Amino acid sequence: MPTATYEQLLIEAIPQVIEAEKQYREIGARFAELIGKGRSRTRGETKLMRLLALLIEDFDRRNALPPDDATPGERLQFLLEHSGKRSADLLPIFGQRSHVNEALNGKRKISAKQALKLARMFSVNAGLFI
């Protein structure tokens, strides 16, 4: 059976900058498949694997959490920006638009109760907000 060239593999994979979780999972699955081939991987497959690794690394870097020294407000702002949610989505948690803005700007502390609700909303640890 003839092996596919790198160009053929590119046409099949259609690699592109990852913008969504679905793309991330699909490219990650293809990457894992290529890793699993081990020594039986062709040169073309190895080149494709390296390209996919760069795309995955780029997505991870762009979607990582802010540094450990970020304030709770900065973490909340980051999660809001990367989740596609709007500050208006935080109204049920904070009660007033001014409270939302103050929390995002670090002028208002986030209570333990609010931190738990935010943790559920963003699927993260409540400790990020305290």
Side-chain angles (χ1 to χ4, degrees):
M1 178 168 108
T3 59
T5 65
Y6 178 61
E7 291 77 14
Q8 291 168 326
L9 291 167
L10 286 174
I11 291 168
E12 176 191 314
I14 312 173
Q16 56 188 304
V17 174
I18 303 170
E19 300 293 345
E21 286 292 326
K22 182 180 180 204
Q23 286 176 292
Y24 184 80
R25 287 190 304 274
E26 290 170 353
I27 289 177
R30 181 69 171 123
F31 179 72
E33 176 187 313
L34 290 169
I35 285 179
K37 291 184 102 174
R39 291 180 183 259
S40 68
R41 203 173 36 240
T42 67
R43 283 189 179 162
E45 289 171 330
T46 298
K47 285 176 73 172
L48 176 62
M49 182 185 74
R50 292 178 65 207
L51 175 61
L52 297 180
L54 290 173
L55 294 172
I56 291 167
E57 182 180 317
D58 172 66
F59 181 84
D60 287 342
R61 190 176 352 90
R62 287 184 290 119
N63 292 284
L65 287 175
D68 289 338
D69 62 347
T71 66
E74 290 169 337
R75 291 181 183 135
L76 178 57
Q77 182 70 39
F78 178 89
L79 290 168
L80 197 61
E81 290 170 3
H82 286 85
S83 68
K85 296 184 186 318
R86 303 176 329 233
S87 59
D89 296 324
L90 301 176
L91 279 173
I93 295 171
F94 290 97
Q96 297 178 27
R97 187 172 305 281
S98 63
H99 291 179
V100 170
N101 291 332
E102 289 169 356
L104 289 169
N105 294 321
K107 295 179 181 177
R108 174 179 289 272
K109 287 192 175 195
I110 298 171
S111 72
K113 187 176 180 180
Q114 291 167 333
L116 288 171
K117 290 178 181 179
L118 290 168
R120 276 188 231 110
M121 175 183 271
F122 293 106
S123 301
V124 296
N125 186 317
L128 285 176
F129 306 110
I130 297 177

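Remember, predicted model here, so these are calculated numbers, not experimental data.
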Qualifying residues under side-chain contact (heavy atoms from CB on, under 4.5 Å), relative to Ala13, sequence neighbours excluded
Pro15, Leu48
Any salt bridge (charged side-chain N to carboxylate O under 4.0 Å, His left out) pairs touching residues 112-130, not counting sequence neighbours?
none
Should Phe94 and Leu116 be counted in the same cluster of Ile, Leu, Val, Met, Phe, Trp and Tyr side chains packed under 4.5 Å apart?
no
Taking the side chain as C-beta and beyond, is there a heavy-atom pair between Tyr6 and Thr46 under 4.5 Å?
no
Measure the shortest side-chain to side-chain distance between Pro72 and Leu128 over non-hydrogen atoms and say whether it is less than 4.5 angstrom.
no
Rounded to the nearest 0.5 Å, what's the gap from CG on Leu76 to OG1 on Thr71? Could you check?
9.5 Å
Residue pairs, two or more places apart or on separate chains, that pass salt bridge (charged side-chain N to carboxylate O under 4.0 Å, His left out) and touch residues 31-42
Arg30-Glu33, Lys37-Glu45
Pairs where residues 75-100 contributes a residue and the test salt bridge (charged side-chain N to carboxylate O under 4.0 Å, His left out) is met, not counting sequence neighbours:
none
Which atoms form the tightest heavy-atom contact between Lys109 and Gln114, and what is the distance?
O-OE1, 4.0 Å
Cluster check Leu80, Leu91: I/L/V/M/F/W/Y, side chain < 4.5 angstrom
yes
Ile110 vs Ile93 side-chain heavy atoms within contact, under 4.5 Å:
no
How long is the straight-line distance from NZ of Lys47 back to CG of Leu51, given to the nearest 0.5 Å?
10.0 Å
Between CD of Gln96 and CZ of Arg108, what distance do you get to the nearest 0.5 Å?
7.5 Å
List the residues meeting salt bridge (charged side-chain N to carboxylate O under 4.0 Å, His left out) with Glu57, not counting sequence neighbours, and say none if there are none.
none
For Gln8, enumerate each residue passing the side-chain hydrogen bond (donor to acceptor under 3.5 Å, both in side chains) test, keeping only those at least two apart in sequence or located in another chain.
Thr5
For Ile18, run the side-chain contact (heavy atoms from CB on, under 4.5 Å) check against Leu55, Leu52, Asp58 and tell me which one passes.
Leu55
Can you pull the salt bridge (charged side-chain N to carboxylate O under 4.0 Å, His left out) pairs that have at least one residue in residues 13-24, sequence neighbours excluded?
Glu19-Arg62, Lys22-Glu26
Evaluate Leu118 against Leu79 for side chain to side chain contact (heavy atoms under 4.5 Å, CB included), listing each step before the verdict.
CA-CA 10 Å; Leu118 290 168; Leu79 290 168; over 6 Å; no
Any pair counted as ring-ring contact (aromatic ring centres under 6.0 Å, His included), so long as it reaches residues 105-130, sequence neighbours left out
none
To the nearest 0.5 Å, what is the distance between CE on Met49 and CG on Leu9?
12.5 Å
Any donor-acceptor N/O pair, Asn125 side chain to Gly127 backbone, under 3.5 Å
yes
Please give me the minimum heavy-atom distance between Ala112 and Ile130, naming the atom from each residue.
CA-CD1, 4.1 Å
Going by the ring-ring contact (aromatic ring centres under 6.0 Å, His included) test, which pairs reach into residues 14-44, not counting sequence neighbours?
Tyr24-Phe59
For the CD1 atom of Ile56 and the CD atom of Gln23, what is their distance to the nearest 0.5 Å?
11.5 Å
